[in-house]
Protein chains: 2
Amino acid sequence: MKILVVEDSQHLRRSLVVGLSNLGFTVEATGDGSEGLNLALYNQFDLIILDLMLPNIDGMTLLKTIRQENIHSKVIILSARVTVDDRVNGLLAGADDYLVKPFSFDELHARIMSIQKRGEISHFNNVIKQNDFVLDTQQKSFAYQDNLIDLTKNEFKIIEVIFSAKGNVVSTSKISESVVGHFDELSKNSIEAHLSSVRRKAKQVGGRLPVKNRRGFGYLVEQS
Amino acid sequence: MKILVVEDSQHLRRSLVVGLSNLGFTVEATGDGSEGLNLALYNQFDLIILDLMLPNIDGMTLLKTIRQENIHSKVIILSARVTVDDRVNGLLAGADDYLVKPFSFDELHARIMSIQKRGEISHFNNVIKQNDFVLDTQQKSFAYQDNLIDLTKNEFKIIEVIFSAKGNVVSTSKISESVVGHFDELSKNSIEAHLSSVRRKAKQVGGRLPVKNRRGFGYLVEQS
DNA sequence: CTTCAACCACTAAAATTTTCATTTTTTATC
DNA sequence: GATAAAAAATGAAAATTTTAGTGGTTGAAG
């Protein structure tokens with residue numbers, strides 16, 4: 001599940017990113033309203049955690065705008081304001097829930113789970129299927145036709161980034177960044193070795209890993 | 001050398017962080033003026049790369065404020081503005097150099113090197129000394145009385161974060177974050193094993209690693 | 001002052017990642 | 001098509017990281 005955090009305070013934002021990441025969610029974050037709006041418009045987030053007080057564009061405007069643009073990401077509003085009116089306005093503007101600051105992380109977690117259960121419109125994508133392979137980014141499991149394939153951490157991350165691209169080419173530098181961040185680098189050869197290892201593991205359970213190479217560009221899943 | 005990047009545009013900011021990190025600098029970044037001001041005031045940056053157009057507090061105000069507060073970090077201004085007046089104002093307000101957007105990364109690199117050479121007031125701290133141990137964060141080397149000690153990547157990062165704290169306690173979670181980021185975790189046991197390994201290596205060249213444990217809190221360098 | 005439990009240090013072994021060398025595949029060109 | 005050059009895949013060794021287990025220290029409670 002992809003979550004966008006739009007929160008002014010650096011400290012809270014950071015805490016949310018760390019906490020939510022640890023719960024297995026994919027998280028992006030920004031402290032700026034207009035940056036948040038852009039991210040929300042051009043990516044498909046399952047959930048947006050939205051502060052109302054933001055630089056450049058305030059949260060309520062952001063929310064109204066994305067709803068106008070037919071973005072159906074779930075939205076949880078965070079705010080220091082407490083009036084009933086605000087809550088009503090927020091819900092009218094298309095929010096799914098409302099949390100008054102300060103709040104505990106567990107409280108937020110509970111709300112997320114509750115929204116996740118309700119789950120009507122939005123399709124929460126923590127499971128990626130390609131041919132007969134199933135990657136569960138929440139459970140960190142990988143399987144071929146009900147045969148579990150045991151992947152190491154880096155192997156998993158590489159498959160995750162390639163599978164997530166759903167048919168688009170992912171460059172080795174992009175893969176490297178996803179696996180070790182931008183301070184480190186994973187060599188091309190190392191990525192190849194990992195892929196080679198995953199292919200071998202897939203073959204052991206009778207499958208053929210649907211990851212192809214685009215010479216000079218990177219890797220992609222081959223749709224069948 | 002510690003660099004702070006205060007730049008509104010997410011894209012440019014990211015490029016700068018990646019580029020400068022790759023050159024071996026320690027980089028922090030923010031897109032917000034007031035956040036930048038706080039960071040500049042409460043950390044000792046060797047260099048601040050400063051955009052003038054910022055949300056909340058504009059770059060010029062930030063610069064004037066930190067100079068009033070006797071912060072002597074070097075400052076390179078980035079700006080889309082081009083008038084001579086602006087340059088003069090910037091330099092008067094205490095900037096060390098001025099770069100007009102768009103600029104190439106190499107150009108910025110050259111200015112940084114030039115400032116680094118001039119280096120009068122600010123003491124560029126890419127070398128951390130503790131007792132007879134010398135850690136060079138630029139060259140990624142570690143030595144005891146001229147004996148080079150060969151550290152692996154994680155060993156180096158652990159020593160770096162502990163040495164950088166200059167006597168303050170660093171928690172294992174902080175160490176973990178510095179080494180593998182907040183998406184991953186380095187277990188306490190693993191950190192201990194690495195430290196143990198570094199201690200052994202230090203002993204091999206006749207030194208005693210000045211890293212002590214504060215039971216329940218973390219590690220610190222023991223000043224002697 | 002003693003005891004106990006929690007915490008830490010260390011070692012060795014296991015697991016993972018990375019590198020190196022070699023083979024295979026792909027693509028461009030004749 | 002044949003051939004050569006470049007890129008990718010592979011297998012195996014080397015290096016690094018992580019885990020598990022053991023023994024030692026510390027500090028709090030009785």
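Protein chains get the first letters and strands the later ones, always in sequence-line order, with residue 1 at the start of each. All values reported here derive from a predicted model rather than from experimental measurement.
The interatomic distance linking Asn154(A) (CG) with dT19(C) (P) rounds to 12 Å, in whole Å. The interatomic distance linking Glu192(A) (CD) with dT17(C) (C1') rounds to 15 Å, in whole Å. Between His194(B) atom NE2 and dT11(C) atom C1' there is a gap of 15 Å when expressed in whole angstrom units. To the nearest angstrom, P of dT25(C) lies 14 Å from CG of Asn213(A). As rounded to whole Å, 10 Å separates atom C1' of dC10(C) from atom NZ of Lys203(B). The NZ atom of Lys188(A) sits 16 Å away from the P atom of dC20(C) (whole-angstrom rounding). The NZ-P distance, from Lys153(A) to dT17(C), rounds to 7 Å in whole Å. Taking atom OH of Tyr219(A) as the reference point, atom C1' of dT26(C) lies 13 Å away to the nearest angstrom.
Minimum interatomic distance between Leu20(A) and Val27(A) (heavy atoms only, all atoms of both residues): CB-CG2, 3.6 Å.
Classification of the Tyr144(A)-Phe133(A) ring pair by plane angle, with boundaries at 30° and 60°, yields tilted.
Nucleic acid contact class of Thr152(B) (heavy atoms, under 4.0 Å, all strands): sugar-phosphate only. At the heavy-atom level, Leu186(A) lies under 4.0 Å from the strands shown only through sugar-phosphate atoms.
Comparing Ser187(B) and Leu151(B) along DNA chain D, the residue whose closest nucleotide (by nearest heavy atom) sits nearer the 5' end is Leu151(B). The residue among Arg215(A) and Asn189(A) whose nearest nucleotide of DNA chain D lies closer to the 5′ end is Arg215(A).
Using a 4.0 Å cut-off between charged side-chain N and carboxylate O, Asp46(B) and Lys2(B) make no salt bridge. Salt bridge absent: Arg199(A) and Glu192(A) never bring a charged side-chain N and a carboxylate O closer than 4.0 Å.
A side-chain donor from one of Ser197(B) and Glu155(B) sits under 3.5 Å from a side-chain acceptor of the other. With no hydrogens or angles considered, no side-chain donor-acceptor pair links Asp32(A) and Thr30(A) at under 3.5 Å.
When DNA chain D is scanned 5' to 3' for any atom under 4.0 Å from a heavy atom of chain A, the first and last hits are dA6(D) to dT10(D).
Taking only side-chain nitrogens and oxygens, Arg199(B) comes nearer than 4.0 Å to OP1 or OP2 of dC10(C).
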